[in-house]
Amino acid sequence: MLRIKCPFCGYRNESEFSCGGEAHIARPSAAVSDKLTDSTFSEYLFMRENPKGVFLERWCHTSGCRRWFNVARDTVTHQIYEIYPAGKTPKTTIGKKAYQVNWRRKSKAEVASKYLKRTPK
Amino acid sequence: MAKSDLDRGSKAFARRSKRYSIFSLAKHAGNYHQEWQQAWRHAEPKTTYDAVIIGGGGHGLATAYYLANIYGITNIAVIEKGWLGGGNTGRNTTIIRSNYMWDESAAIYEHALKLWEGLSQDLNFNVMFSQRGVLTLSHSEHELKEMSRRVHAIRLNGIDSDILSPAAIKKLVPMINIDPNIRYPVLGGFLQKRAGTARHDAVAWGYARAADDLGVDIIQNCEVTGLRRNGNKITGIETTKGDIKTRKVGCVVAGHSSVLADMANIRLPIASRPLQAIVSEPIKPVLDTVIMSNAVHMYISQSDKGEMVLGAGVDKYNSYAQTGSWPVPEHMVAAAVDLFPFLSQLRMLRQWGGIVDTCPDASPIISKTEIKGLYFNCGWGTGGFKATPGSGHVFADLIANDRPNTIALPYSLKRFETGYLIDEHGAAGVAH
């Protein structure tokens, strides 16, 4: 049972909340919509970060103030590291790191370079 | 899929000495069962394999078995992080059914059910498959209509499904409460008589033993730490027991699919969630079928030991901790007591959670990837156990031929781009 500190109401049991899944997913920009591929839109609609470790996710205090906020939570220990407003990025070191390592925030070249070391010489 | 593949019969246990039979039982009884051979070897990894299956659960072991038995690829390793069948294979409520609404689902789950029907003979291992029937309840007018639609769709696919009235349900399940004044009264239900349960551990053991007999190396306590590739081709894997060269890697790791996909720079639409179950103290036989309910959101059966086995939906947030959150079992027990008032007298013995790989359309992914030689079989979410033989068979077919057969084709990862989803959310027996 999680005890989540709603930024507006204070500590409540998890049964009062709904989890909205991965935070910080931006809809592909309308400015490039004529260049939008099915693959880009599939990443936006369906593909999800699902880390074993710190996860940035959206929560809503459904049975309380009904307001949304973001949480940095470890998916193995369930420890909550940070609760921060919707639309903002995390402030703690752990939260910031989780924000940066997400493939959505990296260019294709950056993502690919991470895997080059796996290629044998 | 060529049906003749399965008709070729099992090549395992050709040496009759290793077969389990009444004669081997009698022979071993003579020396007080002291000399039974090991069911499978404790293999250490070789440096090279033709194919590596990551994940030693039911689906992974079944894949290895069918690869060896049907496709003749015997130089295979099954790599398991923990112990064999210690994940969701040993953490489920063992329900097997094929009454799915969409044609694509009917094809794969019915294929699995047909394999279940001959599995104990095929594996020479009693998986205790019991076709005790699965009864799904309806609690509202809307649900009755939806059920009727679903039943007809199921029957059109040649799968048995019968609608039952509350009186017929009471006759089949005398312990059920059909009082019209409870919160969710039983207004009807549909029954698949060929559905049932199996002994989940025996499924893992049976496949492991049969695969081992065909030469498959089952390597336990060995975690995969990286996938090696050369450009766009898989060249091997890195494990805690050293590197292994291979050109084909099949990932069958359920809740950890995203972790492996991340090693290969592949995106999956998977969210890992705990799925919980609980069992009561054992009691005398009271329930000889499986009951599922969508509205009250629980399913219940009685194990051969006499324990009442209860399960419900997934927890509401991502987790890799194999425990689960308390509000879920609390809700599950409340729902069960509403339908079976006698349950309130029982003490619950054990609770557990398995990490399941939920998919947006509640259907699995059996797919090639952008990387040649890397295959994924995941996304089974809350209902993978029932598909174990079918999943293993079509995945083996995909790995052996490097192209999906007609059953696996709709389950490609590409469906999340084409939009050809197989939405079983509403059609499943219990909401996911």
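Quick note on labels: first sequence line is chain A, next is B, and so on, each numbered from 1. Side chains included, hydrogens not; waters and symmetry mates left out as well; all remaining heavy atoms used.
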Do any of residues 268-275 of chain B come closer than 4.5 Å to chain A, heavy atom to heavy atom, and if so which ones, in number order?
-> B:Leu268, B:Pro269, B:Ile270, B:Ala271, B:Ser272

Of all pairs that satisfy ring-ring contact (aromatic ring centres under 6.0 Å, His included), the ones with a partner from residues 83-102 of chain A, not counting sequence neighbours =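 Every pair satisfying ring-ring contact (aromatic ring centres under 6.0 Å, His included) with a residue in residues 83-102 of chain A: A:His24-A:Tyr84, A:His24-A:Tyr99.
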
Quick one: do B:Asp243 and B:Arg228 satisfy salt bridge (charged side-chain N to carboxylate O under 4.0 Å, His left out)? Show the steps, please.
-> CA-CA 9 Å; B:Asp243 297 352; B:Arg228 282 179 173 267; 3.2 Å; yes

B:Glu330 CD to B:Ile278 CD1 distance, which is reported to the nearest 0.5 Å =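 The CD1 atom of B:Ile278 is 10.5 Å from CD of B:Glu330, to the nearest 0.5 Å.
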
Measuring heavy-atom distances to chain A, does B:Ile237 have an atom under 4.5 Å in its side chain, in its backbone, in both, or in neither?
-> neither

Would A:His61 and A:Phe69 count as a close aromatic pair, with their ring centres under 6.0 Å?
-> no

Using the side-chain contact (heavy atoms from CB on, under 4.5 Å) rule, take B:Asn318 and A:Arg48 through it: C-alpha gap first, then chi angles, then the decisive distance, then the call.
-> CA-CA 11 Å; B:Asn318 290 14; A:Arg48 290 293 176 265; over 6 Å; no

Tell me, for A:Phe41 versus chain B, whether the close heavy atoms (under 4.5 Å) come from the side chain, the backbone, both or neither.
->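 Neither the backbone nor the side chain of A:Phe41 comes within 4.5 Å of chain B.
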
Going by residue number, which parts of residues 1-16 of chain A are within reach of chain B, meaning a heavy-atom gap below 4.5 Å?
->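 At a heavy-atom separation under 4.5 Å, chain B is reached by A:Met1, A:Leu2, A:Glu14, A:Ser15.
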
Please assess A:Thr37 against A:Thr40 for the test side-chain hydrogen bond (donor to acceptor under 3.5 Å, both in side chains), listing each intermediate value before the final yes or no.
-> CA-CA 5 Å; A:Thr37 60; A:Thr40 315; 2.6 Å; yes

Reference residue B:Tyr420; test side chain to side chain donor-acceptor pair (under 3.5 Å); the match among B:Lys414, B:Arg415, B:Glu104 =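 The passing option is B:Glu104.
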
Report the residues that fulfil side chain to side chain contact (heavy atoms under 4.5 Å, CB included) with A:Trp68, sequence neighbours left out, ordered by chain and then residue number.
->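 Listed in chain order: A:Arg58, A:Cys60.
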
What orientation do A:Trp59 and A:Phe17 show, parallel under 30°, tilted 30 to 60°, or perpendicular over 60°?
->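 Rings of A:Trp59 and A:Phe17: perpendicular, as their planes differ by over 60°.
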
Taking C-beta and beyond as the side chain, do B:Ile366 and B:Pro404 meet within less than 4.5 Å on heavy atoms?
->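 No, their side chains stay 4.5 Å or more apart.
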
